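To start, the structure itself, in structure tokens.
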Amino acid sequence: MIDHEKIEQAVKLFLEGIGEDVSREGLTDTPDRIARMCGELYGGMEEDAAVHLSKTFSVDSSEMVIERDITFYSTCEHHILPFYGKAHIAYIPDGKVVGLSKLARTVEVFARRLQLQEQLTGQIADALMEYMQPKGALVMIEAEHMCMTMRGIKKPGSRTVTMAKRGVFESDPALEERFFRMLNAGAAE
């Protein structure tokens with residue numbers, strides 16, 4: 001649970017620590033604004049992916065389902081700076097599918113936490129496997145990390161790509177190849 005009061009105290013200390021005057025007009029409401037923002041940015045800590053993935057619909061098909069270009073914003077746990085990009089999700093149904101918006105909501109559950117991109121990718125794939133029980137799942141994330149672009153090495157435009165494969169995607173390379181063909185075919189439109 002987000003502790004609004006502790007965040008406000010921490011922000012005041014931070015501002016003082018960088019040499020600011022916390023009573024300055026432009027900063028007087030900043031601790032409150034930051035505390036409210038934290039509720040929005042880190043609200044995923046209080047959410048469970050099961051809420052989104054447990055409502056399924058029966059299907060006869062076991063053809064690959066892909067939801068691509070799911071925009072997300074997250075925060076790196078190492079520097080508390082944003083990283084953002086696109087998530088691409090594929091799964092092979094085993095008699096049931098989930099509403100497409102639920103895939104995007106699942107990305108949000110895990111993105112709205114302090115994160116590592118590698119961990120985020122795996123958490124989404126694991127949640128799909130646990131709650132939907134498909135034959136397999138593949139999650140690929142492409143993201144730009146502000147800890148690399150605005151500080152440190154300062155390389156804007158660089159992107160990090162991570163992938164997590166579960167179930168049949170781990171044992172059948174042809175499925176992964178099909179995923180990339182379908183992903184690229186959609187990108188050409």
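Values reported hereafter were calculated over all heavy atoms of this structure, with side chains retained and with hydrogens, waters and symmetry mates removed. No experiment lies behind these values; they were computed from the predicted model shown.
C76 approaches L114 most closely through the heavy-atom pair O-CD2, 4.3 Å. Pairing each heavy atom of A125 with each of A137, the nearest pair is O-CB, 4.4 Å.
Annotation: side-chain contact (heavy atoms from CB on, under 4.5 Å) contacts of E5 (sequence neighbours excluded): D3, Q9. Legend: residues meeting side-chain hydrogen bond (donor to acceptor under 3.5 Å, both in side chains) with S23, ordered by chain and number and at least two apart, are D21. In this view, E170 satisfies the salt bridge (Lys or Arg N to Asp or Glu O under 4.0 Å) rule with no residue, not counting sequence neighbours. M45 pairs by the side-chain contact (heavy atoms from CB on, under 4.5 Å) definition with R113, not counting sequence neighbours. Scored by the side-chain contact (heavy atoms from CB on, under 4.5 Å) test, I7 finds I2, V11, I34, A35, C38 as partners (sequence neighbours excluded).
Sorted by first and then second residue, the pairs that involve residues 37-62 and meet salt bridge (charged side-chain N to carboxylate O under 4.0 Å, His left out), not counting sequence neighbours, are E47-R112. Listed by first and then second residue, the side-chain hydrogen bond (donor to acceptor under 3.5 Å, both in side chains) pairs that reach into residues 125-134 are D126-R166, sequence neighbours excluded. Residue pairs meeting the side-chain hydrogen bond (donor to acceptor under 3.5 Å, both in side chains) criterion with at least one member in residues 87-111, sequence neighbours excluded: H88-E142. Sorted by first and then second residue, the ring pair (Phe, Tyr, Trp, His ring centres under 6.0 Å) pairs involving residues 135-176 (not counting sequence neighbours) are F83-H145. Legend: ring pair (Phe, Tyr, Trp, His ring centres under 6.0 Å) pairs involving residues 36-71, not counting sequence neighbours: none detected. Pairs of residues two or more places apart, or lying in two chains, that qualify as salt bridge (charged side-chain N to carboxylate O under 4.0 Å, His left out) and include a residue from residues 26-35 are D32-R36. Screening residues 146-157 for salt bridge (charged side-chain N to carboxylate O under 4.0 Å, His left out) gives no qualifying pairs among residues at least two apart or on separate chains.
Going from atom CG of L183 over to atom CD of E176 covers 11.5 Å, rounded to the nearest 0.5 Å.
A continuous path of ILVMFWY side-chain contacts below 4.5 Å connects L120 to L53, so both sit in one hydrophobic cluster. Hydrophobic clustering places F180 together with V161 (ILVMFWY residues linked when any side-chain heavy atoms are closer than 4.5 Å, directly or through intermediates).
Side-chain polar atoms of Q117 and T162 form a donor-acceptor pair below 3.5 angstrom.
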